[in-house]
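Each remark here refers to the structure printed beneath this line.
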Amino acid sequence: MLNIYLVVNKSNSIASQFLEEQKIAKIVHSASSLSSDTTIDQNIYDVDKFIYIYYGDVKDNNVAFKQDLSKFKMMLKSAFFSTNSILFILVQADPDIKEYVQTVLKESDLPKENIEIVEHNETLMIPELVKYISGVSLGDTTKNTYLNVYISEAGKNEKERYENKASDKIKNITPQLVDDSEMYRRRVRNVAISNDRIVSQKETINLSKEEFPMHKRKTLDFKETIVVSGEQYTNFLDIAKAYATYFEYVGTRCLVINMTNESFEIRKKGINRLSLFDLEHQYIPEHPISYINLNLANFSHLIANEDNLISISVKILVVKEELYSIVCNILRCSLGNFKIVKLIHKQSLSFEKLKSVPVTPDVIVVTNKLIDEDFDISSYRDDFHGTICVLEPDTFTTIDDQRDFYYDCFGNTGGEDYND
């Protein structure tokens, strides 16, 4: 398909639209005047063919056309414009117009056979335009051999289906080159505009109401999320493992999402290890506990594909201290329910730091394994109103330890007690 730079001095011309719709040429750029088109000096054009369609019946067109020829003369010398062939179509033009064009084309370095001037003394029709551009008459591009012909009425939506009768005698299938009915409508419309007339045409089309089945709206099954984080030198990974083991005991499937860059083992066997690829399609875990390593960059990938995790109702999200506020703010934008658990040292400095964090946890777990400071912990009751405060157990060796710890953290659904 030819790449064409097209100039038509009639603004209502449908030439460019028709050429592209019928796959005859690709219009790289089109304009109604070269002298008034500012984009010419701002772009690089390398085309197969430059076409200028000049209509002599346009009022005061000679002066504008001479300006366009002067501009085209500069384009031929420019390093930003290149064409393999040039075609000027002069429609009902004065005889001296051709001499102007020939004078300008002397500046071109193209061979003579690549330069053409066509004088058209009648109304320029679409089939004639196609013939001038491609050298082939519209409708003569194929030779047809057919066994059966089915005729359909223009503007009518045919619903009847015909049997495909294959035969060795058929050599070619005629492509639909032109919609004659639409061509007629366009010609009427453009002629009417040119002559300041109003043309109305009534058509009767049988309208039918189509019945389509109603599709069920897709809804996302948002999971409950427990965010587990902690201060430096606290082993908040044990807290996450305790929750996972408890969910396994009560028969609730869970997904542990590790965003700490530290590997930890929940159990020795019977665990599903996921990758990002597993999240892109429906995934049904084999074991009660699933596990995946993520970072902040691909955390959004999990949120977008969360609904693919079939039968997993709880996520345990383990994040390091520096990602705590970022991840919690992201989760606030989702529609899922989530609880925040923060493990801190048993010292007043840890509580003071937690007061300045913009995201207040739902559960504060206090550990005395490294620091055991004697201070009035109840004095922070007003600062963390509605937050559950529990002491980290010394051990999680039995399922009873994990169950009791889980109920200490989440057993109070009202969230109004501050227990120390």
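Side chains are part of it too, since the values below use all heavy atoms of this structure and drop only hydrogens, waters and symmetry mates. Model, not experiment: these values are computed from the prediction.
With a 4.5 Å cut-off on side-chain heavy atoms, Ile330 and Ser300 do not count as touching. Tyr249 places none of its side-chain heavy atoms less than 4.5 Å from the side chain of Thr245. The closest side-chain heavy-atom distance from Ile371 to Tyr233 is not below 4.5 Å. Between Ile316 and Phe247, the closest side-chain pair of non-hydrogen atoms falls below 4.5 Å. With contacts defined as side-chain heavy-atom distances shorter than 4.5 Å, the pair Ser70/Ser35 does not qualify. Counting only heavy atoms from C-beta outward, the side chains of Ser33 and Asn9 never approach each other to under 4.5 Å. No side-chain heavy atom of Val7 sits under 4.5 Å from any side-chain heavy atom of Phe88. Between Glu107 and Lys77 there is a side-chain heavy-atom pair separated by less than 4.5 Å.
The CD1 atom of Ile239 sits 8.0 Å away from the OG1 atom of Thr367 when rounded to the nearest 0.5 Å. In this structure, Ile51 CD1 and Ser30 OG are separated by 11.5 Å, a value rounded to the nearest 0.5 Å. In this structure, CE in Met75 is found 10.5 Å from OG in Ser82, a value given to the nearest 0.5 Å. The line from CG of Leu276 to CD1 of Ile292 is 5.5 Å long, rounded to the nearest 0.5 Å.
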*Quick one: do Ile4 and Lys49 satisfy side chain to side chain contact (heavy atoms under 4.5 Å, CB included)? Show the steps, please.*
CA-CA 5 Å; Ile4 289 181; Lys49 202 176 193 71; 4.2 Å; yes

*Go through the steps for Leu323 and Phe299 under the test side chain to side chain contact (heavy atoms under 4.5 Å, CB included), then give the verdict.*
CA-CA 12 Å; Leu323 296 180; Phe299 180 55; over 6 Å; no

*Val366 vs Phe351, side chain to side chain contact (heavy atoms under 4.5 Å, CB included): CA-CA, chis, key distance, verdict*: CA-CA 10 Å; Val366 182; Phe351 278 86; 3.9 Å; yes

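Under a cut-off of 6.0 angstrom, the local environment of CG in Asp374 is sparse, with at most 12 non-hydrogen atoms contributed by other residues, nucleotides or ligands. Atom CG of Asp376 has more than 12 heavy atoms from other residues, nucleotides or ligands within 6.0 Å. The number of heavy atoms from other shown groups lying within 6.0 Å of CZ (Phe80) does not exceed 12. The number of heavy atoms from other shown groups lying within 6.0 Å of CD (Glu280) is above 12. By the 6.0 Å contact criterion, NZ on Lys26 is open, its count of non-hydrogen atoms from other residues, nucleotides or ligands being 12 or less. Counted within 6.0 Å of NZ on Lys320, heavy atoms from surrounding residues, nucleotides or ligands total more than 12; the atom is thus considered enclosed.
For the pair Arg403 and Tyr246, the cation-pi test (distance below 6.0 Å, angle within 45°) is failed. The cationic atom of Lys342 (NZ for Lys, CZ for Arg) lies less than 6.0 Å from the six-membered ring centre of Tyr324 and within 45° of the ring axis.
Taking the six-membered ring for Trp, Tyr52 and Phe72 have ring centres at least 6.0 Å apart. Ring pair Tyr406/Phe410: centre-to-centre distance below 6.0 Å.
No side-chain donor-acceptor contact under 3.5 Å links Gln282 to the backbone of Ile310. Looking at Asp362, its side chain never comes within 3.5 Å of a backbone N or O of Thr387 through a donor-acceptor pair. Between the side chain of Asn114 and the backbone N or O of Asn84, at least one donor-acceptor pair lies under 3.5 Å. Checked by atom type and distance alone, the side chain of Ser78 never pairs as donor or acceptor with a backbone atom of Met74 at under 3.5 Å. The closest donor-acceptor contact from the side chain of Asn3 to the backbone of Asp48 lies at 3.5 Å or more, if one exists at all. Side chain of Glu116 to backbone of Leu87: no donor-acceptor contact under 3.5 angstrom is found. Between the Ser229 side chain and the Val319 main chain, a donor and an acceptor come within less than 3.5 Å of each other. Not one N or O on the side chain of Asn298 forms a donor-acceptor pair closer than 3.5 Å with the backbone of Leu294. Distance alone, capped at 3.5 Å, is enough to place a donor-acceptor pair between the Thr234 side chain and the Glu231 backbone.
Residues Asp372 and Lys346 approach most closely at OD1-CD, 3.4 Å, considering heavy atoms. In this structure, Val365 and Phe405 approach most closely via the heavy-atom pair CG2-CZ, 4.0 Å. A pairwise comparison of heavy atoms in Ser311 and Ile284 identifies OG-CG2, 4.5 Å as the closest pair. Nearest heavy atom pair, residue Leu279 against residue Asn308, reads O-ND2, 2.9 Å. Across Ala240 and Val318, no two heavy atoms sit closer than the pair CB-CG2, 3.5 Å. Considering all non-hydrogen atoms of both residues, Pro285 and Arg253 come closest at O-NH1, 3.1 Å.
Donor-acceptor pairing under 3.5 Å is recorded for the side chains of Asp37 and His29. For the residue pair Gln347/Ser350, the side-chain donor-acceptor check at 3.5 Å is satisfied.
In summary, Lys71 and Asp68 do not engage in a salt bridge, as defined by a charged side-chain N under 4.0 Å from a carboxylate O. Using a 4.0 Å cut-off between charged nitrogen and carboxylate oxygen, Lys355 and Glu352 count as a salt-bridge pair.
Taking the six-membered ring where tryptophan is involved, the planes of Phe81 and Phe50 are perpendicular, since the angle between them exceeds 60° and thus also 30°. Using the six-membered ring where Trp is involved, Tyr132 and His120 have ring planes that are perpendicular, over 60° apart on the 30 and 60° scheme.
Of the listed residues (Leu110, Asp109, Ile86), just one forms a side chain to side chain contact (heavy atoms under 4.5 Å, CB included) with Leu76, and that residue is Ile86.
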